[in-house]
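The block underneath contains the structure these notes are about, expressed in structure tokens.
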Amino acid sequence: MYQPWKNENGTSLIELVIVAVLIGVLSAMAVPRWLEYLPQMRTKAAARDAVSTLREARSRAISQKVPYGVYFDTERGACVMFCDTDSPGANTYVESDSTVMTRTIAHDVRMGYSTFTNNAVFFQPSGEASMTGALTLTSENYRTTLVIDVLAGTGRVKLSEQADGYQTL
């Protein structure tokens, strides 16, 4: 005799449909948030790549006792690390310098202003940078500007966020 109140093994079709509907509703709520977050992730990733390139150039200059530099190609959206072999000490990037690495940033991330002369910073074997300066990175869909600062005396590279004119960490 069939007894409906007894627990039976398996799941019913109604239970499966309810679970599928719940997953669909939760996904529909999560996808727009995820799409809003993507530009922020790409902008921060591009800034971390630029900071990493600067720090690696400084590290190579110290370890190899040769000046290294990073050129910010704002037109193409790329960071070019190079060994300053063509005219060491002149603090200018030329195509004949020995390119070590080129990192291109995401297409929707834009290099803003650069206060470095000729968009390049050089690191000496002592670890010092050729000048104090900054580079900004922005995205149309991400309202915060990321600022990369380089301090001349120590070669220190720092990344910070700047939202609506106020600097945050």
Side-chain angles (χ1 to χ4, degrees), residues 30-169:
V31 168
R33 283 295 222 178
W34 177 253
L35 293 176
E36 288 176 14
Y37 189 61
L38 284 176
Q40 177 181 354
M41 288 189 330
R42 282 194 294 267
T43 306
K44 287 185 176 184
R48 284 191 299 270
D49 284 348
V51 166
S52 175
T53 303
L54 287 163
R55 289 179 178 162
E56 185 173 345
R58 181 179 182 269
S59 178
R60 285 182 185 223
I62 293 169
S63 66
Q64 297 177 12
K65 303 211 182 308
V66 176
Y68 272 79
V70 177
Y71 170 68
F72 301 106
D73 188 346
T74 56
E75 297 296 318
R76 291 184 319 145
C79 298
V80 180
M81 181 173 43
F82 60 94
C83 182
D84 192 12
T85 55
D86 189 36
S87 54
N91 292 341
T92 57
Y93 170 70
V94 290
E95 296 288 328
S96 58
D97 279 328
S98 177
T99 300
V100 176
M101 169 180 45
T102 301
R103 286 187 171 157
T104 305
I105 62 174
H107 68 281
D108 61 337
V109 178
R110 190 174 65 82
M111 285 186 187
Y113 72 88
S114 168
T115 61
F116 300 111
T117 304
N118 299 323
N119 289 343
V121 61
F122 296 82
F123 294 97
Q124 304 306 320
S126 63
E128 297 175 341
S130 59
M131 65 174 37
T132 295
L135 173 75
T136 62
L137 293 168
T138 59
S139 173
E140 291 180 19
N141 300 325
Y142 181 47
R143 291 176 175 76
T144 301
T145 299
L146 298 176
V147 181
I148 301 169
D149 292 302
V150 177
L151 187 60
T154 61
R156 180 175 179 233
V157 179
K158 183 179 127 186
L159 176 63
S160 59
E161 291 185 22
Q162 193 174 27
D164 299 328
Y166 296 102
Q167 194 166 349
T168 60
L169 294 177

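Since the structure is predicted, the reported quantities are computational estimates derived from the model, not experimental observations. No hydrogens, no waters, no symmetry mates; every other heavy atom, side chains included, goes into these values.
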**Study point:** Nearest non-hydrogen partners of E128 and G153, listed with the distance
**Key:** CG-O, 3.3 Å
Practice item. Mind checking the CZ-CG spacing from F72 to N118? Nearest 0.5 Å is all I need. Key: 13.0 Å
Review point. Of all heavy-atom pairs between S139 and D108, which one has the smallest distance, and what is that distance?
Key: OG-O, 3.4 Å
Check your understanding: Quick one: side-chain contact (heavy atoms from CB on, under 4.5 Å) partners of T132, sequence neighbours excluded?
Key -> L151, A152
Check your understanding: Side chains of T104 and R76: does their closest heavy-atom pair fall under 4.5 Å?
Key -> no
Check your understanding: Can you check whether M111's main-chain N or O pairs, donor with acceptor, with T74's side chain at less than 3.5 Å?
Key -> no
Review point. For L54 and F123, which heavy atoms make the closest approach, and how far apart are they?
Key: O-CE1, 3.5 Å
Exercise for review: Would you name the heavy atoms of V70 and C79 that are closest together and state the gap between them?
Suggested key: CG1-CB, 4.4 Å
Practice item. Determine the interplanar angle of the F82 and F122 rings, folded into 0 to 90°, and report it as parallel if under 30°, tilted if 30 to 60°, perpendicular if over 60°. Key: perpendicular
Revision key, fill the gap. Residue set satisfying side-chain contact (heavy atoms from CB on, under 4.5 Å) with M101, at least two apart, ordered chain then number -> T53, E56, M81, R103
**Study point:** Test item: V150 and F116 side chains (from C-beta on) under 4.5 Å apart, heavy atoms
**Key:** yes
Point to revise | Heavy-atom side-chain proximity of V100 to R60 below 4.5 angstrom | key: yes
Check your understanding: How long is the span from the OG1 atom in T136 to the CZ atom in R110, to the nearest 0.5 Å?
Key -> 7.0 Å
Review point. For the side chain of T138 and the backbone of T145, is there at least one donor-acceptor N/O pair under 3.5 Å apart?
Key: no
Study note, to complete from the structure: Correct closest heavy-atom pair for P67 and Q124 would be CG-OE1, 3.9 Å
Review point. Is the closest side-chain heavy-atom distance between P39 and R42 below 4.5 Å?
Key: yes
Review point. Are I105 and D49 side-chain neighbours, meaning at least one heavy-atom pair lies under 4.5 Å?
Key: no
**Study point:** S160 versus D149, closest heavy-atom pair with distance
**Key:** OG-OD2, 4.1 Å
**Study point:** Minimum side-chain heavy-atom gap L146-L159 below 4.5 Å
**Key:** yes
